Enquirer: 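Sharing a structure here in structure tokens format.
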Amino acid sequence: AWLVSFVFSVPQLFIFSRVQIAPGVYDCWAEFIQPWGPKAYVTWTTLVIFLVPIVTVTVCQVRICRALQINLYLKTLQQKQQQQPHEGDGHPNSLSSRASNVVFVSKSRIKTVKMTVVIVLAYTVCWAPFFTVQLWSVWDTNAPTETAIFTIFMLLASLNSVANPCIYLLFTVKFPTLLGTLLCMKHTDMKVPLPEEATMVSSMFLSFKNSDTR
């Protein structure tokens, strides 16, 4: 992945350069061949950074979910056949043999697939407005690039970096328990022994709360 990224990034060396935009002020700016240069660059970037990855990941996720569905179906079929006596001469049929050879998917793998789907959805929601306004700005000379809506859509892409850690936390095993522990401490007295991690976090929470009240 790094090698492919490096190869596709080589043209940036010839597009971007250090330009003086004001007396004593320098910035990294791109210089394009007018009028088709910006259109080609933004369209190509949208294709290889957004559209192709989204389509690829979507196809992969559909195939994974389909495999999980077949797996669960065969698992259910095997359980039903184990509860019923074999028909005919007492030999298991082909469906039973196929179901017995299935490697059942664990809950952790299913949870990982769900987390991946949420990450892809967050990536799409955050980056789709950004690439939309980018394409609009280069293909339409009358695009309202100075409006607040354009600015907000451009900044939405940065939220993707904020969303990913939150998604990872929500899908971890211990985070919901720790969060529930902290929220319930204000309303109930915890008589059940807490896990070590929850005890440590709860102690930190109480110490910060006491310092604030002082």
Side-chain angles (χ1 to χ4, degrees), residues 1-12 38-84 92-140 143 149-150 152-180:
W2 288 359
L3 180 60
V4 174
S5 299
F6 174 78
V7 172
F8 280 99
S9 299
V10 169
Q12 305 282 40
K39 297 179 182 179
Y41 178 80
V42 174
T43 304
W44 170 254
T45 303
T46 304
L47 180 65
V48 299
I49 295 181
F50 184 71
L51 294 180
V52 172
I54 287 297
V55 172
T56 303
V57 173
T58 301
V59 172
C60 293
Q61 288 298 326
V62 170
R63 291 175 61 89
I64 291 173
C65 294
R66 178 60 179 169
L68 290 175
Q69 183 181 7
I70 295 175
N71 188 285
L72 294 175
Y73 169 76
L74 293 177
K75 182 178 180 180
T76 304
L77 181 63
Q78 183 185 29
Q79 291 176 349
K80 290 182 179 179
Q81 292 182 348
Q82 288 177 351
Q83 296 174 357
Q84 298 176 356
N93 54 29
S94 58
L95 287 177
S96 178
S97 301
R98 181 183 177 187
S100 62
N101 293 328
V102 174
V103 179
F104 297 135
V105 181
S106 62
K107 292 183 179 180
S108 61
R109 292 185 178 180
I110 296 178
K111 190 174 184 179
T112 303
V113 172
K114 291 180 180 180
M115 183 179 67
T116 307
V117 172
V118 175
I119 291 174
V120 173
L121 290 177
Y123 177 84
T124 304
V125 171
C126 292
W127 283 96
F130 173 82
F131 285 107
T132 300
V133 296
Q134 285 279 346
L135 290 171
W136 188 5
S137 63
V138 296
W139 284 97
D140 185 5
I149 297 179
F150 250 67
I152 293 174
F153 282 175
M154 294 283 289
L155 294 176
L156 282 178
S158 302
L159 291 179
N160 188 232
S161 300
V162 180
N164 285 336
C166 297
I167 295 173
Y168 294 140
L169 284 176
L170 291 175
F171 275 90
T172 55
V173 177
K174 297 181 180 180
F175 177 74
T177 304
L178 297 179
L179 182 61

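Because only heavy atoms are used, hydrogens play no part in the values below, and waters and symmetry mates are left out as well, while side chains stay in. Treat the numbers as computed from the prediction; the structure is a model and nothing was measured.
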Enquirer: Check residues 159-167 and write down every donor-acceptor pair under 3.5 Å in which the side-chain atom is one partner and the other belongs to a residue at least two apart or another chain.
Expert:
residue: Asn164; atom: ND2; partner: Asn160; partner atom: O; Å: 3.4

Enquirer: Quick one: list whatever passes side-chain contact (heavy atoms from CB on, under 4.5 Å) with Ser158, sequence neighbours left out.
Expert: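 None.
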Enquirer: Return the set of residues passing ring-ring contact (aromatic ring centres under 6.0 Å, His included) with Trp139 (not counting sequence neighbours), or none when no residue passes.
Expert: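 Result, ring-ring contact (aromatic ring centres under 6.0 Å, His included) vs Trp139: none returned.
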Enquirer: Would you say the side-chain atoms of Ser137 pair up with the backbone N or O of Gln134, donor to acceptor, closer than 3.5 Å?
Expert: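 A pair under 3.5 Å: yes.
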Enquirer: So, for Tyr168 and Ile119, which heavy atoms are closest and what is the spacing to 0.1 Å?
Expert: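 Residues Tyr168 and Ile119, closest heavy atoms: CE2-CD1, 3.4 Å.
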Enquirer: Restricting to side-chain hydrogen bond (donor to acceptor under 3.5 Å, both in side chains), what partner residues turn up for Trp44, sequence neighbours left out?
Expert: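 Partners of Trp44 under the side-chain hydrogen bond (donor to acceptor under 3.5 Å, both in side chains) test: none.
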Enquirer: Minimum heavy-atom separation for Ser5 to Ser9, with atom names?
Expert: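 In terms of heavy atoms, the two residues are closest at O-OG, 2.7 Å.
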Enquirer: Drop me the distance from Leu51's CG to Trp127's CH2, to the nearest 0.5 angstrom.
Expert: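 The distance works out to 13.5 Å.
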Enquirer: When rounded to the nearest 0.5 angstrom, what is the spacing between CG in Leu135 and CZ in Phe130?
Expert: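 If I round to the nearest 0.5 Å, the distance is 10.0 Å.
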Enquirer: Could you check whether atom NZ of Lys39 has more than 12 heavy atoms from other residues, nucleotides or ligands sitting under 6.0 Å from it?
Expert: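 Counting neighbours around NZ of Lys39, more than 12 heavy atoms of other residues, nucleotides or ligands fall under 6.0 Å, so yes.
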Enquirer: For Val55, which residues count as a side-chain contact (heavy atoms from CB on, under 4.5 Å) partner, sequence neighbours excluded?
Expert: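 side-chain contact (heavy atoms from CB on, under 4.5 Å) check on Val55 returns Val59.
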Enquirer: Just to verify, what does Ile49 make a side-chain contact (heavy atoms from CB on, under 4.5 Å) with, not counting sequence neighbours?
Expert: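 In terms of side-chain contact (heavy atoms from CB on, under 4.5 Å), with neighbours along the sequence ignored, Ile49 is linked to Thr45, Tyr123, Phe131.
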Enquirer: Under a 3.5 Å threshold, yes or no: a donor from one side chain and an acceptor from the other, between Gln12 and Tyr41?
Expert: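 Yes, a side-chain donor-acceptor pair sits under 3.5 Å.
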